[in-house]
Amino acid sequence: MTKKEKTLLLVDGNSVAFRAFFALQNVGSFTNRSGLHTNAIYVFKKILDNILKKYAPENVLVAFDAGKTTFRTEKFSDYKGGRARTPGELSEQFPYIRKMLEAYGIKSYELENYEADDIIGTLAQTGESKNYRVIIVTGDRDLTQLTTAQTTVAITQKGFSEIEEYTPAHVEEKYGLKPDQIIDMKGLAGDSSDNYPGVTKIGEKTAIKLLKQYQTIEGIYENIDEMKKSKMKEHLIEDRKTALLCKDLATIKKNAPLTLGLADTIRKEADQDGLRSLFEELDFKSFLDELSPNASQQVDFEKLPVTILTADQLDKLPVKKNSEITFYLEMDGKNYHNAPFVGFIFKIDDHYFGARDVALLKEQPLQKILTDQEYQLDVFDFKRTYVGLNRLGIQMAGVRFDLLLVSYLLNNTENSDDVGELAGEHHYDQVKTDAEFYGKGAKRQIPEDDGQLFDHLSHKVLAIHALKEQLFDELKENQQLDLYQDLELPLALVLAKMEIVGITVDTQRLEAMRSEFKERLAELEQEIVNEAGEEFNLNSPKQLGHILFEKLQLPVIKKTKTGYSTAVGVLEQLRGMSPIVDNILNYRQLAKLQSTYIEGLLKVVFKEDHKAHTRYTQTLTATGRLSSVDPNLQNIPIRLEEGRKIRQAFTASHPGWEIFSADYSQIELRVLAHIAQDEHMQEAFKADRDIHANTAMEIFGLADEKDVTPNLRRQAKAVNFGIVYGISDYGLSQNIGITRKQAKQFIDTYFEKFPGVKQYMEQIVKKAQEQGYVETVFKRRRYLPDINNKNFNLRSFAERTAMNSPIQGSAADIIKAAMIKMDHELRAKKMQARMLLQVHDELIFEVPHEELADFEKLVSSVMDSAVDLSVPLKVECAHGKTWFDAK
DNA sequence: ACCGTCACG
DNA sequence: ACGTACGTGACGGTC
């Protein structure tokens, strides 16, 4: 066996540190407890681990820049001029990166007057001469000039777990140039980040074209007389000196006077203790866990005394009315409507009682503790617990603290549904996550040993208890106690009941549709394959792209990261160019209905009661809306007639009952009129005018509503939507197919006519900048860490979010309040009608025929008066045999 | 696990 | 100059 060639890894320390810094610049405060920024160190370490694992090098060196002045600044004083200073948040991290490298057993090196590039170029040369495989890691594409048969340049990507490897062939494929021509390209095109100019008016494209013909800059000038007269030729002649200077600047030295050799780059063994103390100083908990186990470090959590309950012990439980009780019901799976029970645990004052047999919960005093309001309970995820217990015939009551819900209200950005993770976010670390304890994916397993299982469960209830006081204090501080107690906690119960009731699905109707669609899909597929001239998978955007844009040569309208876009918008523009396009559009529409709404829905209908029992996620969205999963009943088709028919499969659960829908008309715009206190907009709503027509009249300067053509109304409607989303001229122009200039004109006129709205938009952004968050009318918060970010995109996004979230979030608050009130009224009036679904601005009920008239009055008045705004709320009602007919 | 696509408000 | 509308979930394909 021949000896494997050795690998030399050369890392551009400054470049990778920069990449690392910006990769995690915007994830809130990434600092250790003494305020030192650690994001670049963190990502640097990740990248380092990645490449060490990937290339397993025998020799490693990390090169750094020595200082601002080098031999290049001597040749060209403006070299790298105009570059923003390294942010202090980054420079403070460099000493730690070097310390870390030392502990890794890796050599760092810098050389007066030279850049890291030159150190790397020189060592790469040495490595090659000694037959090493050389790997250069950097974030800087200029180094691709060093690629050879033996040397690969790996460029770190944005995501920092990915790297892109450049071999000479890859360089050629990417730039159309050989590696050593990169410097010629730079000489011609210049480099704005290194601040050298190149030849006037020549950019990368032109440079590449020239180099394809003449190979090098020198080659160009040797042949310059042959070139046709042109502006470009003049520029080339004029800038000859600059071009050659720039090429020289771009050239990485391969003969820097290094004071070390290959022998100095041999990797030494890592210093575990050094790493440990460094990671401790940096608060890198997850990295500490990875270090080789250190007996003194692996302190287990305190063992809690759990009594495993049996039926004969129940009468001796030390429980009083004022006991502090925490309860946790463990189920094996997300879907609590049918997940198997694992067991339960009570923390009653300082005692822990648990059992696997959940039937014990039906016995006294356990059932009484769970259902009697006199006992106050603390839990994690009340809704989940309620639905689980309901399967045992137990209607839980008396919940005071729900860790999941409270935590979501305090900060909805990083809210996990795992006790361990969530506790960790609040700096409580005496509980494992479920993934750590049970394992994840295929490895997930419930331990058979009681001691193990209940040890985990006991730490869960302790975590809930331990965080209670602190989180309640935070709620009070934020003035969110009412939001929690009067809105979200009562809502959890309302949602639980809706989920349990479920909605009846006519599976026969769905099955009939399935057969019909199956035939039509087969026909369409046949036609498409005929037109394409070959079999392919038309569900694959990749294969479809190949057929449309390569085989059939249709024009490419838009590209995605991975290839050609084949989205609806693109296909619509291709219509008429080939009959295949229409067929694909039809196929797509039907396939979506078939897979998601017919087959998908049939899979989740419960056999026992022919119902779909969705789960509402109450602690997920950034704005305060609900979401619906398994199945998602908030996105059942309605816009296209074909899809709308799916709604025929949703029916009332009793003969003689009807599906009843009540939706808020224009709730978001009404909320805006209220929050912004815009008189013109308020007046329009008070007079119950057609709001989009009203906007059309204002922005197009029409005197009479009769002058509002459907097209003007459509445009005005888009403007109204744009306003709600935090408008940009570009977004609006794209949406209604006008120029950006026209869109800007619309927006300016809108703000002139609705000055209150304009003022609101400015004020809310300012408020977000000052306090770091925005809030709804019910004081729900959304934090916007990017609002002062230097990155234009991230900042702009945060600004639009600042404008939109109070609107969308307040609308969510309002319908939640209406749901609680409605639930209350139905019980108070002893009506049989039941709330089934919520779709953001709409509530769906099933109502017995004889209650219809009373019900309509009730729901309208309840929803109208859910909150008191400075504009009226308007509710539109409809009912019919199926959801489809409730229109 | 991620992407592209598409369903809803 | 930058490159975007706000908020979601499910599917099939692909890595």
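Since the structure is predicted, the reported quantities are computational estimates derived from the model, not experimental observations. Lettering of chains follows the sequences in order, A, B, ..., and the numbering in each one begins at 1.
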Residue pair [X] / [Y], side-chain heavy-atom distance below 4.5 Å:
X: A:I584; Y: A:L544; result: yes
X: A:I675; Y: A:Y760; result: yes
X: A:L574; Y: A:I557; result: yes

Sugar-phosphate, base or nothing in reach of [X], heavy atoms under 4.0 Å:
X: A:N635; result: base
X: A:V629; result: sugar-phosphate
X: A:A743; result: nothing
X: A:Q543; result: sugar-phosphate
X: A:I636; result: sugar-phosphate
X: A:S565; result: sugar-phosphate
X: A:N735; result: base
X: A:G722; result: base

Quick one: [X] [atom1] to [N] [atom2], roughly how many Å, whole number?
X: A:D841; N: C:dT8; atom1: CG; atom2: P; value: 16 Å
X: A:I646; N: C:dC11; atom1: CD1; atom2: P; value: 13 Å
X: A:F792; N: C:dT4; atom1: CZ; atom2: P; value: 11 Å
X: A:N791; N: C:dA1; atom1: CG; atom2: C1'; value: 13 Å
X: A:Y664; N: B:dC8; atom1: OH; atom2: P; value: 23 Å
X: A:K744; N: C:dG3; atom1: NZ; atom2: C1'; value: 17 Å
X: A:Y564; N: B:dC3; atom1: OH; atom2: P; value: 20 Å
X: A:D630; N: C:dC11; atom1: CG; atom2: C1'; value: 13 Å

Next on the checklist: Can you tell me if A:Y730 is stacked onto the base of C:dT4, using a 5.5 Å centroid cut-off and an angle below 30°?
Outcome noted: yes
Checklist entry - C:dA10 pairs with which nucleotide, Watson-Crick or G-U wobble, both distances below 3.5 Å? => result B:dT5
Checklist entry - What is the pairing partner of C:dA1, taking Watson-Crick or G-U wobble pairs with both distances under 3.5 Å in any strand? => result none
Would you say the side chain of [X] and the base of [N] hold a donor-acceptor pair, judged only by whether the two atoms sit under 3.5 Å apart?
X: A:Q634; N: B:dC8; answer: no
X: A:R782; N: C:dG7; answer: no
X: A:S627; N: C:dT8; answer: no

I'd like to know if the side chain of [X] pairs up with that of [Y] as donor and acceptor (distance under 3.5 Å, no hydrogens or angles considered).
X: A:T776; Y: A:D813; value: yes
X: A:R588; Y: A:T566; value: yes
X: A:Q634; Y: A:S628; value: no

[X], nearest nucleotide to its side chain (from [options]):
X: A:F721; options: C:dA5, C:dA10, C:dC6; result: C:dA5
X: A:S540; options: C:dT8, C:dG3, C:dT14; result: C:dT14
X: A:R740; options: B:dC8, C:dT4, B:dT5; result: C:dT4
X: A:P637; options: B:dG4, B:dC8, C:dA5; result: B:dC8
X: A:N539; options: B:dG9, C:dG13, C:dA10; result: C:dG13
X: A:I638; options: C:dG7, B:dG9, C:dG13; result: B:dG9

Checklist entry - In this structure, which one of A:N415, A:T619, A:N412 forms a side chain to side chain contact (heavy atoms under 4.5 Å, CB included) with A:S407? => result A:N415
Item to check | Ring geometry between A:F650 and A:W883 (parallel below 30°, tilted from 30 to 60°, perpendicular above 60°) | outcome: perpendicular
Next on the checklist: Ring-plane angle category for A:H692 and A:F721, please: parallel below 30°, perpendicular beyond 60°, tilted otherwise.
Outcome noted: parallel
Does [X] place a side-chain N or O at less than 4.0 Å from the phosphate oxygens OP1/OP2 of [N]?
X: A:S728; N: C:dA5; value: no
X: A:T566; N: B:dT5; value: yes
X: A:N632; N: C:dA10; value: no
X: A:N537; N: C:dG13; value: yes
X: A:R800; N: C:dT4; value: no
X: A:R625; N: B:dC8; value: no
X: A:R644; N: B:dA7; value: no

Checklist outcome for this item: So, with a heavy-atom separation below 4.0 Å from DNA chain B, the residues of residues 580-601 of chain A are A:R588, A:K592, A:Y597
Item to check | Contact nearer the 5' end of DNA chain C, comparing A:F797 with A:N793 | outcome: A:N793
Checklist entry - If you measure from the P atom in C:dT4 to the same atom in B:dT5, how many Å do you get, rounded? => result 15 Å
Checklist entry - When you compare B:dC2 with C:dA5, how far apart are their C1' atoms, in angstrom units rounded to a whole number? => result 24 Å
Checklist entry - So, A:E762 and A:K767, do they make that salt bridge, N to O below 4.0 Å? => result no
Checklist entry - OH/A:Y773 to CZ/A:R781 distance, rounded to the nearest 0.5 angstrom? => result 3.5 Å
